[in-house]
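One structure is given below, encoded as structure tokens.
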Amino acid sequence: MRSNQDEPIESNKECCADGCPMHASLNPSTSGGSGWVCIFHFGKDKTQWARITGELHRLSYIVKCMRLIRATHGTPKWIEVAKDCQKELRVNQKSDLINKPKETAKQWAERLEKELSTACLPQEQAPIQGM
């Protein structure tokens with residue numbers, strides 16, 4: 001039984017969206033069968049899955065940092081991991097995503113998750129001129 005309901009469960013299942021780098025945590029089926037997906041693919045039309053997976057790969061450094069923060073916070077590796085993530089975000093010109101003063105590890109990971117969620121939203125297509 002989990003003692004802290006605020007901490008995410010790290011799943012060993014992979015998201016069933018082809019090539020997705022995330023762990024699966026949700027199942028759209030009410031019977032609990034196969035088809036487990038990550039939070040980014042859950043509830044999205046399957047025609048959007050390839051685009052979403054592509055965004056997660058494009059932003060793989062954020063995916064990596066988010067997962068490492070959640071997995072190592074409170075362990076002896078935490079300080080080193082936090083520094084590595086800060087460096088990775090700077091290298092990728094995303095210094096705005098570095099942890100803020102007084103921000104908890106959970107809040108930092110949630111902010112990274114929100115960045116990924118925003119990137120995975122459907123993109124509006126501009127209308128074709130002259131049509």
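Note: hydrogens, waters and symmetry copies are ignored here, and every other heavy atom, side chains too, is used.
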Heavy-atom side-chain contact between I62 and L56 under 4.5 Å: no
Output all residues satisfying side-chain hydrogen bond (donor to acceptor under 3.5 Å, both in side chains) with [X], sequence neighbours left out; order by chain, then residue number.
X: R90; result: none
X: T47; result: D45
X: D84; result: none

May I have all residue pairs that pass salt bridge (Lys or Arg N to Asp or Glu O under 4.0 Å) and include part of residues 53-64, sequence neighbours excluded? E55-R58
Quick one: does [X]'s side chain have a donor or acceptor within less than 3.5 Å of a partner on [Y]'s backbone?
X: H41; Y: M22; value: no
X: T104; Y: Q107; value: yes
X: W49; Y: K44; value: yes

Considering only residues two or more places apart or on different chains, which pairs with a residue in residues 70-101 satisfy ring pair (Phe, Tyr, Trp, His ring centres under 6.0 Å)? H73-W78
Please say whether more than 12 non-hydrogen atoms of neighbouring residues, nucleotides or ligands are located less than 6.0 Å from CG in D96. yes
Name the atoms and distances for all side-chain donor-acceptor pairs under 3.5 Å in residues 114-122, with sequence neighbours left out.
residue : atom : partner : partner atom : Å
E115    : OE2  : K94     : NZ           : 3.0
S117    : OG   : E113    : O            : 3.1
T118    : OG1  : K114    : O            : 3.0

Evaluate side chain to side chain contact (heavy atoms under 4.5 Å, CB included) for R111 paired with M66, printing each intermediate quantity in order. CA-CA 9 Å; R111 200 159 47 87; M66 181 183 71; over 6 Å; no
